[in-house]
Each structure stands twice: as structure tokens, then as C-alpha cells.
Number of protein chains: 2
Amino acid sequence: MSATPPFAADTALPSVAGLPAPAFSPLYQQIKGLILQSLQAGEWKPGEAIPSEMDLAARFGVSQGTVRKAIDELAGENLLLRRQGKGTFVSTHAEQQVQYRFLRLMPDSGDATTEGPAERRVIDCRSVRANAEVARALGLRAGESVIQARRVLSFQGEPTILEDLWLPGSAFKGLTALQMSDYPGPTYAMLELEFGVRMVRADEKIRAVLPDAEQASLLQVTEQTPLLSVVRTSYTYNDAPMELRRGLYRTDRHHYRNALG
Amino acid sequence: MSATPPFAADTALPSVAGLPAPAFSPLYQQIKGLILQSLQAGEWKPGEAIPSEMDLAARFGVSQGTVRKAIDELAGENLLLRRQGKGTFVSTHAEQQVQYRFLRLMPDSGDATTEGPAERRVIDCRSVRANAEVARALGLRAGESVIQARRVLSFQGEPTILEDLWLPGSAFKGLTALQMSDYPGPTYAMLELEFGVRMVRADEKIRAVLPDAEQASLLQVTEQTPLLSVVRTSYTYNDAPMELRRGLYRTDRHHYRNALG
DNA sequence: GAGTGGTCTAGACCACGCG
DNA sequence: GCGTGGTCTAGACCACTCA
């Protein structure tokens, strides 16, 4: 029971010259926003169930159908996971059926399960000052503290991915090389667990490049071997960038897979 | 008015040993299937409006809400396009706001609109016999007739993409180099218009490679320039493969963009 | 059997596009 | 002002999970 709808739909806001009217916000979008706030505030932790649709409907003072539509959208964005008969759960990078949610590199033959998990070797992990590029990508000022790490992922004993990554120092203070290498499972799952930061979506820019001498050596290829450069920016709930990652992928036994709708 | 629901939900089909029960098919999924059939049969052409939700509800003998949910899914798969106040339309590669629906290559600065349309140069277009690889990708037998084409796309005067593509000869009989070069707009739109074949989704496998001498010459780069190899298989409504395309992308002024959800 | 999400319906009203 | 898709409600019943 209880409350009245959070806001009246703003059907008649003043319109701005030159721009289309500010648009009207349906109830279920407002409910979606409220659920998003609770997710962001950590009211429900990754992997946990959120309240049932009926409970949320009562809490927000709307019908079940309206809550349902809000949850539908959040589930479509992979922020929530519905399980019939059990409840609706906060998405997590752990306990994912697919091992790595953001990694699109696939073995040429077989699939990720036949290949087994990656072996990780952390080469470097330390706190540095952000240069201009890193600062821009993470929404920081140049010179602010960031954690920089480098590691090599190997599949079936063959070094395949060289990753450099940068995380804002403020959110990940105290991250160690040990955490980066010892956590069993995706690094994003470790960041959720240890720092409460959940990466929710990401953008990638892909190029073909040649490695420098050090990169080639780490991947055990020649400097004439073309590699995929994958620059990823990952975002948390409020669309704030929380990670910059640059991967160099060997594509002699793997390929980057993409589905176009 | 009219008909009874197309099928009773098959709640109690015999279950197969070792497999989970055959599942139950909600009404809206059946409606979705019927709409899909009409699309595939060409009852409504790309760009045209399909009947209103009320009309379809009457035609199928279900409620508007059920038709709505079926259409929602088809719109989510980009097969239909909803426009409030106007109707629901069959998606098309023409009149797309984004010029190229399947092309993920973006200029490093600015966007596709600032860059202007690509200039196309068709180098080759002829009928050949499918080799084993092409036959497998297109679901043909080796030796069957396929149309093979090669072309270069240039942006702002700079050759950027070299494409080889293969189309099943049966569906595209009579395709000429002239059609490939003269049609203003996406090639996929031309194939819709001239052959009634609509590419609905695609898969891409991406690698970093070095070009051979001929490829390098066509793209005006050296043989030591790393390029993106993008092998795309495109599918029509019934998930039948209808095109194999291999692109070599220069990534010195462009990058392949991907969003991860 | 109780509780969850999933489907389906019927009806009311709203926003949008267009003649 | 009409027809379209879009929102919201209320209620019934179904499928799934787990105790």
C-alpha cells in the first residue's frame, strides 16, 4: 500500500526555443530511475535478489505492470537478471554463465569452455599520475592518481592478450598485484567484491597495429606480427567512466567476434 | 473479430530423454512467428507500414496487448520500426538515419555525417563456382554458382576499405557491376530493391592481418601495414546465410567501434 | 502450497502525426 | 478530429522453484 506516484508526469513543461519540447516522462521511466538509484546506492548488492514486483509496486505506489516494464528495460540492459519462480537479481560479473562478459575474443575452433580459463600473469601494478590521455578517458584532471597495471593472459599455455589498464586511484585505493592475479574469476568480479564498483557497459575502439619490441616479447611474437588493439572504456551505473583498458590481442588462433543486429 | 488463437499452447508435449522438456510456447511468440512468416513471404515490403495493432489483433483473434508484445520483440530485433502516431514499418537498409547499418568503421575525429558518403569503385563482379569455404559459409555445395565482387571504398579521397563479397547465384542472378557502383546508398538497400532479399542480421569475425601485394596496392599502403580483416556473414529472415563478405579496413584514420552491454 | 516471475485480457486515457 | 502507437491499471491464470 502507500505512497502516491513519485512525480506527476510533466506533461506541460515550458518549451525551449529551437529545441523540441522537453519530452514527457512516463511513469515506468521514473520508476526505472528510482530502481537505478537504489542499485547505485548499493541498496541491493550484485548477485542478490531485489524485492518482488508486487513489493516494489506497493513501495512506489504504482501497479505491478508499471514496475514490470521498468524492470524489463533494466534486464534488457543487463543490469538485472530475471529468473522465473525465483526472483529478480542484480547482475554480476561473477557467476556469469559466460566466463568473461566483456571479452569478445574466441578460439577459432571450439568455444571458450573447451579452451578452459585463462592463465594470468601480472607484470606490473602501481600507482602513477594520470597523463592527459588517461585523465581525459577517466574524467579526471591530468596528474591525479591512477592505478596502472599490465598483465598477460595465456590460453592453453600460449600468451594471447597483453593488457594495460588504468583505474582511478580514488575508487580503487589499495589495489595490489596480488589481488589482480589471485582472484579466481573475472577481474571485474573482483572489483565488484573488493571495491563495490560494478562495470555495467563499455565501449571499444579497435585497430590493427604492430607491437613495439617489449610488447612483442611479452606476447612471444615478432615485431612484424599484426595485432588487434582494443581500447576499452568501462562505465559504472551513472555512466561515469571507471576503467581504461588497452588490450593487444594475438589473432593467429583466435578472432574477435561481433554480432550485428 | 474472427478466428480462434492459432494454436493451443502446447503445455504437455512428450519430453525427450536427456533434454529439458520441449518448453511451452506463449501466444505472443506464436503471433511473432506468424508476423515473421508474412515478412518473409513479402506480404509487406521494406519501408511499408504493416497493419495496425488493432487490425492484427482482430486478424489473429488475440488481444492488442499480445500483438503488441510480439511486435515489441520484432522491433527489438530491428526487423520492424515503430513510429508513434504513424504506424509500424518494415525495416529497410534504405532511408536509414545512420548511413550504413552494418558498418562499424568510424572516423577518428568527427562522425559519419561530417565525413560524407563513401566513394565506391567496383573492380570486379562476375559469376564463379563456389570454393569449399564460400560454399560452407553460404550453405551451398562446392561448385555451385556464386557472384563474386571486389570493390574499394574511399572516404574523403582516401582508399579505406577493400571488400570481397560472395552472393549465392540463385538469388542474385543478373547482378552487374553497374548496379553495385551506381546505386546511391547502401548496397544492402539495392539488394532489397532489386532482388527482394533483406539482410537482417550478421556475424563478424575480426583479425589483424598484413595485406598481400595486390591488396596493399589497392589500398595504397605498404605490405607491412597492419589491417583489420572483417569477415561478415549476413543472414535473411529465416536465418539463411545470403552473403559472405571479407573487408580489409585501414585503421590509420578510422577505428572499428563496438559497444558492450 | 506459497511465492515468484510470465502471460493474457479488457478498458481507459495520453502523445503524436496528419489531413 | 481521427487513427496510430504508448502508457497504465486491475485481475485472472499459468509456469517455475523451493521448502
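In what follows, chains are A, B, ... by sequence order, proteins preceding strands, each numbered from 1.
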**OP:** With side chain to side chain donor-acceptor pair (under 3.5 Å) as the test, would you mind laying out the steps for Y183(A) and E194(A) before giving the verdict?
**Re:** CA-CA 10 Å; Y183(A) 183 88; E194(A) 301 289 335; over 6 Å; no
Original post:
If you measure only the distance, is there a donor-acceptor pair under 3.5 Å linking the side chains of R151(A) and T187(A)?
Top reply: yes
Original post:
Nearest to the side chain of F24(B) - dC8(C), dG5(D), dA15(D)?
Top reply: dA15(D)
**OP:** Measure from CG on D55(B) to P on dT4(D) and round the result to the nearest Å.
**Re:** 6 Å
Original post:
Are any side-chain N or O atoms of R245(B) and backbone N or O atoms of L167(B), one a donor and one an acceptor, separated by less than 3.5 Å?
Top reply: no
**OP:** Can you measure from CD1 (I147(A)) to CG (L165(A)) and round to the nearest 0.5 angstrom?
**Re:** 10.0 Å
Original post:
Which nucleotide in the list dG5(C), dC8(C), dC8(D) gets nearest to the side chain of R82(A)?
Top reply: dG5(C)
Original post:
Among D55(B), V62(B), D72(B), which one satisfies side-chain contact (heavy atoms from CB on, under 4.5 Å) with V67(B)?
Top reply: V62(B)
Original post:
Roughly, in whole Å, what's the span from CZ in F60(B) to P in dC8(C)?
Top reply: 14 Å
**OP:** Quick one: sort the H93(A) and F102(A) rings into parallel, tilted or perpendicular, breaks at 30° and 60°.
**Re:** perpendicular
**OP:** Figure out the CG/C1' separation between L74(A) and dG5(C), and round it to whole Å.
**Re:** 15 Å
Original post:
How close or far is atom P of dG6(C) from atom CE of M54(A), stated in whole angstroms?
Top reply: 15 Å
Subject >> Selected nucleotide, minimal atom distance to V62(A) side chain, candidates dT9(C), dT9(D), dG6(C) >> reply: dT9(D)
Subject >> Any residue of residues 44-53 of chain B with a heavy atom less than 4.0 Å from an atom of DNA chain D >> reply: S52(B), E53(B)
Subject >> Closest to the P26(A) side chain, choosing from dT7(D), dG5(D), dT7(C) >> reply: dT7(D)
**OP:** Measure the spacing between CG of L228(B) and NE2 of H254(B) and express it to the nearest 0.5 Å.
**Re:** 12.5 Å
Original post:
Think K69(A) has a side-chain N or O under 4.0 angstrom from the OP1 or OP2 of dC8(D)?
Top reply: no
Subject >> Reference residue T92(B); test side-chain hydrogen bond (donor to acceptor under 3.5 Å, both in side chains); the match among E48(B), R198(B), E192(B) >> reply: E192(B)
Subject >> Q64(A) or Y28(A), whichever maps to the more 5' nucleotide of DNA chain D >> reply: Y28(A)
Original post:
More 5' along DNA chain C: G85(A) or D72(A), using each one's nearest nucleotide?
Top reply: G85(A)
**OP:** Write down the distance between CD1 (I31(B)) and P (dT7(C)), rounded to a whole number of angstrom.
**Re:** 14 Å
Subject >> Residue S63(A), side-chain heavy atoms: nucleotide from dA10(C), dA10(D), dT7(C) that is nearest >> reply: dA10(D)
Subject >> Phosphate-side-chain proximity, T88(B) and dG5(D), N/O vs OP1/OP2 below 4.0 Å >> reply: yes
Original post:
For dG3(C), does OP1 or OP2 lie under 4.0 Å from any side-chain N or O of K86(A)?
Top reply: no
Subject >> Atom-pair distance (CZ on R68(B); P on dC8(D)), nearest Å >> reply: 12 Å
Original post:
Which whole-number value in Å describes the distance from L56(B) CG to dG5(D) C1'?
Top reply: 12 Å
Original post:
OP1 or OP2 of dC16(D) less than 4.0 angstrom from a side-chain nitrogen or oxygen of R83(A), does that happen here?
Top reply: no
**OP:** Would you mind telling me which residue lines up with the more 5' stretch of DNA chain D, Q29(A) or Q84(A), judged by nearest nucleotide?
**Re:** Q29(A)
Original post:
Within the pair T66(B) and dT9(C), is there a side-chain N or O less than 4.0 Å away from OP1 or OP2?
Top reply: yes
Original post:
Taking CD1 from I71(A) and P from dT7(D), how many angstroms apart are they, rounded to a whole number?
Top reply: 17 Å
